[in-house]
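Inspection log for the structure reproduced underneath, given as structure tokens.
Source: prediction; values computed, not measured.
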Amino acid sequence: MTQKFIPYGRQSIDQDDIEAIVKVLKSDYLTTGPAVNEFEGLLADKTNSNYAIVCNSGTAALHMAAHAIGLSENDAAIVPSVTFLASANAMTFTGAKVIFADCDPATGLMTKDHLENAILRAKKAGLCPKVVVPVHLAGQLCDMEAISKVARREGMFVIEDACHAIGTTYGPNLEHVAGDCKWSDLTAFSFHPVKTIAMGEGGAVTTNSSDFAKKLELFRNHGITRKPEEFISEDTGKDRSGEWGSWYYEMSEPGYNYRASDIQCALGSSQLKKLDMFAAKRRELREKYYSLENSLPEGIRLANRVPNCSPCPHLMIALFDNDFLGKGRNHVMEKLKNDGIGTQVHYIPVHLQPYYRTQTVGVDFSGTLSFYNSCLSLPIYTSMSPRDIEVVVSSLKNL
Ligand SMILES: *Cc1c(COP(=O)(O)O)cnc(C)c1O
């Protein structure tokens, strides 16, 4: 049978994306040029936020956000275990200790109860819980109102990991959009090709605080400022004329090079302009899956849908019974692959990674383990057709 292969996810690149990149290649700036500002303006607009700071990965975005809130040693960062490594690692970079939170086994999302439990564990360990990083798995938002209430009570910051959730709308009338920071201080995005918007590699942080925006910009670019009103070292920086040197810059703390190039940003802008179309397409595909859920064999269902949220889905997560229909996950993945269908596991619980696992001995992660033992991500991406989903579902039926 020669049928096209359907991966679990892939980017969607058109001629206009290619032309946008070529235009930059022929221009004067390959980096720190106008395409960067254009992307940031567009993203702030799309996320209904005051500031969008672009960088070169979602991991960098999370690290920049952690730095902006002043996370450091003796602090604890609360991160759900069901996520990509980077959500936890970016907090670890600052010297803070990660305290993992459990999740709802039907959605993979952290709830306020899981947060409360993790806060207690952090305090018992003598740590100050300073931030929570809710992860909007597959594009569905955590209950941010409830989570933010707990965080505010505890004097904690909230950094949303919205790497899966660009384009998701939420609220009683779906009047809010992921990244607007209604219930958070900062929101991190990834624009890795497998996510909804592709930049090759790329990420961004959105915020409504000018203070955070300034810190994010400094940290992204070596800690360098070129604004005379911020300079302090006259002996080094002032010219004989008494004016600050036109060549002069200052650094008050070391930053990183987390800049995204104009090449990446041109692709990002071209893609962002199609976000509404991408989101409509992904929503349609997700609906198609749910419309066929009842026809799936016993022992397979789809992850629960959360209320007051219309996700622009990055992943389509199915939940199998624990022994994968008596066959095991490898066998199921292999069988689907033979039918031309790619699947993946999102995620191996981060608290069980060798680096982190010694810290979590004896803690109840029953939701996380149940989710991990049953999850399998089915194909969903913009250029897929509803007909492809029928192919996936019929292959599931043949298991
Ligand atoms: C992809 C992803 C990241 C990291 O983004 P990169 O752009 O790959 O660095 C972080 N958190 C989550 C939930 C992700 O899916």
Side-chain angles (χ1 to χ4, degrees), residues 58 62 77-88 91 98-119 131-151 156 158-172 174 176-179 181-184 187-190 195-196 282-283 286 289-290 301-320 344-352 363-378 380:
L62 287 159
I78 293 172
V79 179
S81 182
V82 174
T83 185
F84 182 56
L85 302 169
S87 317
M91 304 301 122
V98 172
I99 300 292
F100 289 99
D102 201 11
C103 74
D104 174 353
T107 61
L109 298 175
M110 177 178 67
T111 68
K112 89 171 187 359
D113 293 339
H114 301 120
L115 170 60
E116 300 260 26
N117 175 284
I119 290 170
V131 65
V132 56
V133 186
V135 176
H136 302 318
L137 193 75
Q140 296 207 97
L141 297 204
C142 301
D143 183 348
M144 288 306 299
E145 184 171 0
I147 285 172
S148 114
K149 239 181 225 161
V150 173
M156 293 168 70
V158 181
I159 298 173
E160 292 176 76
D161 183 336
C163 288
H164 294 190
I166 185 93
T168 290
T169 55
Y170 69 100
L174 302 177
H176 299 293
V177 58
C181 300
K182 177 168 169 56
W183 303 109
S184 69
T187 302
F189 291 101
S190 165
K195 313 285 163 74
T196 297
R282 284 174 178 268
R283 285 191 174 103
R286 181 172 181 266
Y289 270 116
Y290 280 101
R301 62 194 184 91
L302 301 173
N304 276 7
R305 300 201 259 190
V306 305
N308 299 331
C309 178
S310 173
C312 169
H314 160 52
L315 300 172
M316 188 65 240
I317 297 176
L319 299 172
F320 284 66
Q344 194 46 275
V345 175
H346 297 98
Y347 288 99
I348 303 153
V350 185
H351 81 274
L352 293 177
V363 180
D364 176 19
F365 280 101
S366 51
T368 296
L369 294 179
S370 162
F371 184 82
Y372 171 55
N373 289 328
S374 56
C375 70
L376 192 66
S377 298
L378 305 176
I380 192 164

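In this structure, the ring pair (Phe, Tyr, Trp, His ring centres under 6.0 Å) partners of Phe320, at least two apart in sequence or on a different chain, are Phe324. The side chain to side chain donor-acceptor pair (under 3.5 Å) test applied to Thr368 returns Asp102, not counting sequence neighbours. A search for ring pair (Phe, Tyr, Trp, His ring centres under 6.0 Å) contacts involving Phe365 returns His351, not counting sequence neighbours. The salt bridge (Lys or Arg N to Asp or Glu O under 4.0 Å) search around Glu116 returns Arg153, not counting sequence neighbours. For Ala88, the side-chain contact (heavy atoms from CB on, under 4.5 Å) partners at least two apart in sequence or on another chain are Val79, Val98, Phe100, Val350, Tyr356. Every residue meeting the side-chain contact (heavy atoms from CB on, under 4.5 Å) condition with Ala188, not counting sequence neighbours, appears here in chain and number order: Ala61, Leu62. Remark: Ala138 engages Leu315, Ile317 in a side-chain contact (heavy atoms from CB on, under 4.5 Å) (not counting sequence neighbours). With sequence neighbours left out, Asp143 forms a side chain to side chain donor-acceptor pair (under 3.5 Å) with no residue at all. Applying the side-chain contact (heavy atoms from CB on, under 4.5 Å) criterion to Pro105, with sequence neighbours excluded, gives Ser370.
Of the possible donor and acceptor atoms, none in the side chain of His164 sits under 3.5 Å from a partner among the backbone N and O of Lys195.
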Check the pair Leu302, Tyr290 against side-chain contact (heavy atoms from CB on, under 4.5 Å), reporting the backbone distance first and the verdict last. CA-CA 7 Å; Leu302 301 173; Tyr290 280 101; 3.6 Å; yes
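Taking CG from Leu369 and OG from Ser374, the interatomic distance works out to 10.5 Å, rounded to the nearest 0.5 Å. Atoms CG and OH, from Leu141 and Tyr170 in turn, are 7.0 Å apart once rounded to the nearest 0.5 Å.
Sorted pairs that involve residues 364-373 and meet salt bridge (Lys or Arg N to Asp or Glu O under 4.0 Å), not counting sequence neighbours, are lacking altogether. Counting only residues at least two apart or in different chains, side-chain hydrogen bond (donor to acceptor under 3.5 Å, both in side chains) contacts with residues 304-320 comprise Arg283-Ser310, Glu287-Arg305, Arg301-Asn304.
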Give every donor-acceptor pair under 3.5 Å between a side-chain atom in residues 144-151 and any protein atom, sequence neighbours left out.
none

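Applying side-chain contact (heavy atoms from CB on, under 4.5 Å) to Phe371 and the options Thr107, Leu319, Leu109 leaves one that passes, Leu319.
When all heavy atoms of Ile78 and Ala101 are compared, the pair lying nearest together is CG2-CB, 4.1 Å.
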